[in-house]
**Student:** 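Okay, handing you the structure first.
Numbering of ligands and ligand atoms starts at 1, following listing order. Since this is a predicted model, take the numbers as computed values, not measurements.
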Amino acid sequence: MTNPVVQKVNPMLTEERAKASFPVEELTYILDGGKFNTEKRREIEELVTKDPNFEHPPIQFMTREQQYSLAVKKALLVQQRLKELDMLDDPYASYFFRRIAMPREVSPIGLHWVMFVPTLMGQCSDEQRERWLQRALNYEIIGTYAQTEMGHGTFLRGIETTATYDPSSQQFVLHSPTTTSIKWWPGGLGKTCNYAVVVAQLHTQGRCHGVHMFLVQLRDESTHRSLPGVVCGDIGPKMGYHTIDNGFLQLNSVRIPRENMLMRNAEVQPDGTYIRRVSNEKLTYGTMVFVRSLIVSDAARGISEAATIAVRYACVRRQGEPSSPGAPEPRLLDYPVHQYRLLTCVANCYGLWFASEVLRDLYFTVQPDVLEGRTERLPETHALSAGLKAVGSNRGAACVEECRRCCGGFGFSEASGLPKIYNDINPACTYEGENTVMLLQTGRHLLKCVERARRGEQLAPSDAYIRSRPTPQPKLAGGPLTADLLLGWLRWRSLSMLLEVSGRFNSFIEQRQAWADAFQAVSRRLTRCAEAHCILYVGQAFLDSAKAAENPKICGVLTSLCRLFLLNEVVSGAGDVQLSRSDLARCQDAIDSLLTELRPNAVALVEAFDLPDRMLCSVIGRYDGQVYEAMLQWARQSPLNATDVHESYELYTRQFLAGRSLAKL
Ligand SMILES: CCC/C=C/C(=O)SCCNC(=O)CCNC(=O)[C@H](O)C(C)(C)COP(=O)([O-])OP(=O)([O-])OC[C@H]1O[C@@H](n2cnc3c(N)ncnc32)[C@H](O)[C@@H]1OP(=O)([O-])[O-]
Ligand SMILES: Cc1cc2nc3c(=O)[nH]c(=O)nc-3n(C[C@H](O)[C@H](O)[C@H](O)COP(=O)(O)OP(=O)(O)OC[C@H]3O[C@@H](n4cnc5c(N)ncnc54)[C@H](O)[C@@H]3O)c2cc1C
């Protein structure tokens, strides 16, 4: 472990650590994708931990302006260090450097590398890449991705910003024609960035050709003042994300050169002729597919942090009636219901972790083809990234919240680190496509798969289980409830639900309803189908990874955790399909047995994520388990404690107690 142990380790945690039935370090290697990666990550963590430039008092005690300013400094310092260390071209190293340097601070320049650079990579012609990409990669310019407007987020085709081509000057005129067309939300847009990829409706030769992307300079490169016609600023405080300046942008007939339209997929020629290079216009949405796939991994990481805190705390927190006179009070982790709450979060975390890896591999397999215009596997990639983004962030937020509640009152204190983890993960349910809308995209794809199966067409690998006829329900009674059997049941459940909804959909179509109306009529149920499909994907990825573990002890514990995940899905989804009472009872019994089996490995399973104290930022989740002293120390830093008597006493309370009117003050 790379944890700086500041205190003697709490013996209750030492005792729990000793119970591990498998080599924790080896599981860490699996999670990191190999020993080499683990070592590299630890080196980076050490570099940052030793660097005094990244030290500062807890940001929770700072004003928003102070938080933002500090975040800008640190984000830029990270870039400088990465350059000095020659790590800029290493995505793995730079990712971990950023994470550990700014563990609970959303970066004001985050959109630059998450969306601006990937958009330039995916949407520029080769010539445009030459011109801008290197400047962006060198941080000579800092950009964001400005798509959402006040009036339109989900319905992208409804965006109102216009880019009208003027052949006489060979320029585009970017304009916000209404208040609702003002760009709203883009990260770093308010104060930090000087460029943006702006999504706008393209007009040329009197015709509108739909949404396209344009590179727009917002601020002067030397003074940072906003350019003529550009009105931008910060949108104000939010539920979280205090360190980032999500912004607004109004464009008043801002002129940009023709060459600033991103022209990989379509082009406007000097005379204004519009040429589309690829048939699939949804290629413009490519950056979103990429970022959605990253969100699944973010969700798993968020749960891993919250679960590490809550499981460690559950080992050192005693609460309740002693089992016999003189015995100590039980630890939270001794309660089966607490084990259930925490271990199901841990199981979700591992499932999403492995699923995000499979999804990432799929994205990187398909992307080179897509860039060349071969889009056969794009529908599957879009459906999976949209659905898994939704399931991942929904689960992520729910599990982090469960872990927070598992820590009682301390979970509500910022000292626990948990409110911030929750507030970091929760917006992912909304951004990059609101979750319900994303599930509907997956549902739409699944409906089409049933149709294609009916026509005898071949389906993509993750859809291949979809048939046009039902299959028999796998029997849960009788033999052992193996992970394969449970996964088979979930596959059957997904197909059954889908066929029922698709049958309903077809009956509406036969009644001559329009496609869109029939879709709306089944949409509520379709979101459940999409979830079931994605959960199946997660379960499959989990089981495949468990089986791939070479060490039999690791294989064993991962398979048990996977069974817990699958059983929990069977039980919670029992209402979607017919599951007999006896089958349900068997599954419930199996869950109880698994809790007992997994409990000794609870600490080992979260510590395999190898999260240093610096990353957790948690008084109650620290490696040494010395919670109470640290909590007191933390509270002492509150600015309210700077003086014994706060000024409000003199100003108001004293007057109030003396019976004077406060209204005149
Ligand atoms: C750190 C992050 C910070 C945050 C940043 C942000 O939030 S940035 C802002 C993030 N903002 C958002 O995320 C906005 C969310 N909104 C959207 O993404 C879109 O408006 C939409 C997908 C909801 C609808 O789009 P629409 O009305 O144009 O489409 P439609 O429903 O009529 O379907 C037509 C066809 O297109 C297909 N298809 C669709 N998408 C994709 C894709 N990506 N790829 C491939 N294909 C795709 C679809 O499957 C269907 O295929 P079919 O069945 O005909 O073969
Ligand atoms: C922290 C944060 C960062 C962001 N960063 C960026 C950024 O960098 N760049 C950027 O361009 N944008 C950004 N966004 C904007 C984000 O992408 C949008 O908020 C998101 O796409 C949802 O759009 P909306 O807010 O307009 O909600 P709406 O589309 O108005 O949705 C409101 C509700 O209506 C429901 N709904 C909408 N349409 C349908 C439908 N067809 N069927 C059923 N239900 C529907 C949704 O599910 C949702 O619950 C960010 C947002 C947040 C919160």
**Student:** Is the closest heavy-atom distance from Gln147 to ligand 1 below 4.0 Å?
**Tutor:**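 Gln147: in contact with ligand 1 (<4.0 Å).
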
**Student:** Looking only at distances, please establish whether an N/O atom of ligand 1 is found under 3.5 Å from an N/O atom of Thr148.
**Tutor:** no

**Student:** Going by heavy-atom distance to atom 23 (O) of ligand 2, choose the closest among Gly110, Gly153, Gly151.
**Tutor:**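 Heavy atom nearest to atom 23 (O) of ligand 2 belongs to Gly153.
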
**Student:** In Å and rounded to the nearest 0.5 Å, what is the CZ to CG distance from Phe354 to Leu31?
**Tutor:**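 Spacing of CZ (Phe354) from CG (Leu31) equals 5.0 Å.
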
**Student:** Give the atom numbers and elements of ligand 2 that come within less than 4.0 Å of a heavy atom of Glu434.
**Tutor:** 46 (C), 47 (O), 48 (C), 49 (O)

**Student:** Is there a nitrogen or oxygen of Gly153 sitting under 3.5 Å from a nitrogen or oxygen of ligand 1?
**Tutor:** no

**Student:** Taking 4.0 Å as the limit for heavy-atom contacts, which would you say applies to Asn435 with ligand 2: side chain only, backbone only, both, or neither?
**Tutor:** neither

**Student:** Report, in ascending order of atom number, the atoms of ligand 2 lying under 4.0 Å from any heavy atom of Tyr145.
**Tutor:** 7 (C), 8 (O), 9 (N), 10 (C), 11 (O)

**Student:** Which one of Arg292, Arg157, Glu380 has a non-hydrogen atom at the shortest distance from atom 27 (O) of ligand 1?
**Tutor:**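 It is Arg157 that holds the nearest heavy atom.
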
**Student:** Can you list the ligand 2 atoms lying under 4.0 Å from a non-hydrogen atom of Glu432?
**Tutor:** 17 (O)

**Student:** Consider every N or O of Lys282 and every N or O of ligand 1, then say whether any pair is closer than 3.5 Å.
**Tutor:**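 Yes, since at least one N or O of Lys282 sits under 3.5 Å from an N or O of ligand 1.
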
**Student:** To check your reading of the model: name the closest protein heavy atom to atom 16 (N) of ligand 1, its residue, and the distance in Å.
**Tutor:** Thr154 O, 2.8 Å

**Student:** Of all the atoms in ligand 1, which lie at a distance below 4.0 Å from a heavy atom belonging to Met115?
**Tutor:**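 So the answer, numbered in order with elements, is 5 (C), 8 (S).
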
**Student:** Any nitrogen or oxygen of Tyr431, side chain or backbone, less than 3.5 Å from one on ligand 1?
**Tutor:** no

**Student:** Quick one: do Asp126 and Arg264 make a salt bridge, cutoff under 4.0 Å?
**Tutor:**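 Here Asp126 pairs with Arg264 in a salt bridge, since their nearest N and O are under 4.0 Å apart.
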
**Student:** Should you measure from each heavy atom of Gly433, which atoms of ligand 1 turn up under 4.0 Å away?
**Tutor:**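 Ligand 1 atoms under the 4.0 Å threshold to Gly433: 12 (C), 13 (O), 15 (C).
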
**Student:** Does the side chain of Gln147 come within less than 4.5 Å of Leu156's, by heavy atoms?
**Tutor:** yes

**Student:** Could you tell me, atom by atom, which parts of ligand 2 come under 4.0 Å of a heavy atom of Gly187?
**Tutor:**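 Close to Gly187: 7 (C), 8 (O).
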
**Student:** Would you tell me which option among Val199, Asn426, Asn246 has the nearest heavy-atom contact to atom 3 (C) of ligand 2?
**Tutor:**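 The option holding the nearest heavy atom is Asn246.
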
**Student:** To check your reading of the model: name the closest protein heavy atom to atom 14 (N) of ligand 2, its residue, and the distance in Å.
**Tutor:**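 Here the nearest protein heavy atom works out to Trp185 CB, 3.4 Å.
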
**Student:** Using a 4.0 Å cutoff against the non-hydrogen atoms of Pro427, which atoms of ligand 2 qualify?
**Tutor:** 1 (C)

**Student:** How long is the gap from CG on Leu76 to CZ on Arg81, to the nearest 0.5 Å?
**Tutor:** 12.5 Å

